[in-house]
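First comes the structure, then the notes that go with it.
Indexing begins at 1, ligand by ligand and atom by atom, following the structure's order. Because only heavy atoms are used, hydrogens play no part in the values below, and waters and symmetry mates are left out as well, while side chains stay in.
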Amino acid sequence: MTAPILELLPAVDVAEGKAVRLTQGALGTETDFGDPVDAASDWAQQGAEWIHLVDLDAAFGRGENRALLRRVIVEVPGVKIELSGGIRDDASLESALESGATRVNLGTAALENPEWAASAIARYGDQIAVGLDVRGETLAARGWTEEGGNLWDVLARLEDAGCARYVVTDVTRDGMLNGPNLELLTAITQKTGKPVVASGGIASLDDLVALRSLVPLGVEGAIVGKALYAHKFTLQQAISVAYN
Ligand SMILES: O=C(O)c1ccccc1N[C@@H]1O[C@H](COP(=O)(O)O)[C@@H](O)[C@H]1O
């Protein structure tokens, strides 16, 4: 019997108005891939059901690309958007939800403002995911430049708050093309019954096969960034491995 499908979320990370890829989330490592609307449109035309859309400038606290991200959502219809970066208070959360994103990710706010994050989770349910951006067992905040607490402590708190979904990034693997952290993902699925979206390190179709084998444990999807932009495989090939 074929394993249940693995959802794929091509990533469009936006910095200074451009679609970029970073290495391990570090500023200064950007490779520029042009207009984010064109990048998202390309993924949609190639069959993407979801796009993971990140405002990196907002995540780093050095500006924002809110109007441009709204253009992506409006000008690339028919694709579901997971929106993240800089969603840290009522105004940014409401703006993100009103923009037409299917769901939004809280990162820093879930670490630094647990009460507000819990109230957002209680109010918006499945529209909120929490990004667990991890180095070892320590969470990363504010553009991955600051430590944000112990993974297992924060996960237990978010479980109590009723968090609907986790987006788990191994920061040390992000943009490195060295394979996803299957051990970390497995360990997190053992602590929660909620779906987990995997991010960081995907480099090959074999990595997608390995992630698909974790779907019965609770891995729901995979964010694919550099591997697609570096032509390690095509989105159509990835879809064939993940969905068929
Ligand atoms: O996606 C990246 O490459 C990235 C790099 C450095 C920092 C953050 C990054 N992405 C995502 O940003 C949000 C967190 O934003 P915030 O803390 O809520 O403002 C999270 O989804 C990260 O995965």
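At a 4.0 Å cut-off, not a single heavy atom of A109 sits close enough to ligand 1 to count as contact. Residue contacts with ligand 1: G86 is included, with a non-hydrogen atom under 4.0 Å away.
Close N/O approach between S84 and ligand 1 is found [any backbone or side-chain N/O within under 3.5 Å]. Between G107 and ligand 1, at least one N/O pair is under 3.5 Å apart. Geometrically, ligand 1 and W144 share no nitrogen or oxygen pair separated by less than 3.5 Å. In terms of polar-atom proximity, H52 is not counted as a contact of ligand 1, lacking any N or O under 3.5 Å from an N or O of the ligand.
Distances from atom 20 (C) of ligand 1 to the heavy atoms of V171, D133, V104 show the closest one on D133.
Crowding of Q236 atom CD: a count of heavy atoms from other residues, nucleotides or ligands under 6.0 Å exceeding 12.
The shortest distance between side-chain heavy atoms of V72 and V12 does not fall below 4.5 Å. By the 4.5 Å heavy-atom criterion applied to side chains, V54 and N105 are not counted as neighbours.
Between R88 and E112 there is no salt bridge, since no side-chain N of the basic residue sits under 4.0 Å from a carboxylate O of the acidic one. The existence of a salt bridge linking D55 and R66 is excluded, since no basic side-chain nitrogen approaches an acidic carboxylate oxygen closer than 4.0 Å.
Listed by atom number, the atoms of ligand 1 under 4.0 Å from G25 heavy atoms are 5 (C), 6 (C). Close contacts between ligand 1 and R88 involve ligand atoms 16 (P), 17 (O), 19 (O) [criterion: under 4.0 Å to a heavy atom]. Every atom of ligand 1 with a heavy atom of D174 under 4.0 Å away is listed here by number and element: 3 (O). Within ligand 1, counting atoms from 1 as listed, the ones closer than 4.0 Å to a heavy atom of A59 are 8 (C), 12 (O), 15 (O), 19 (O).
R103 places no side-chain N or O within 3.5 Å of a backbone atom of L83 that could act as its donor or acceptor partner. The backbone N or O of G17 lies less than 3.5 Å from a partner atom in the side chain of N65, making a donor-acceptor pair.
The protein heavy-atom contact nearest to atom 7 (C) of ligand 1 is G143 CA, 3.4 Å. The closest protein non-hydrogen atom to atom 1 (O) of ligand 1 is D13 OD2, 3.2 Å. Among protein heavy atoms, the minimum distance from atom 15 (O) of ligand 1 is reached at G85 CA, 3.4 Å. The protein non-hydrogen atom at the shortest distance from atom 17 (O) of ligand 1 is T108 OG1, 2.4 Å.
Separation of atoms CG (L139) and CH2 (W144) is listed at 12.0 Å; rounding is to 0.5 Å.
Side-chain contact annotation: E147 with T138, donor-acceptor N/O pair under 3.5 Å absent.
At a heavy-atom distance under 4.0 Å, only side-chain atoms of V54, from C-beta outward, approach ligand 1. Residue contacts with ligand 1, taken as heavy atom pairs separated by less than 4.0 Å, do not involve V167 at all.
Taking the six-membered ring where the residue is Trp, W43 and Y229 present perpendicular rings, their angle passing 60° and hence far from 30°.
M176 and I223 are assigned to two separate hydrophobic clusters, defined by single-linkage of ILVMFWY side chains at heavy-atom distances under 4.5 Å.
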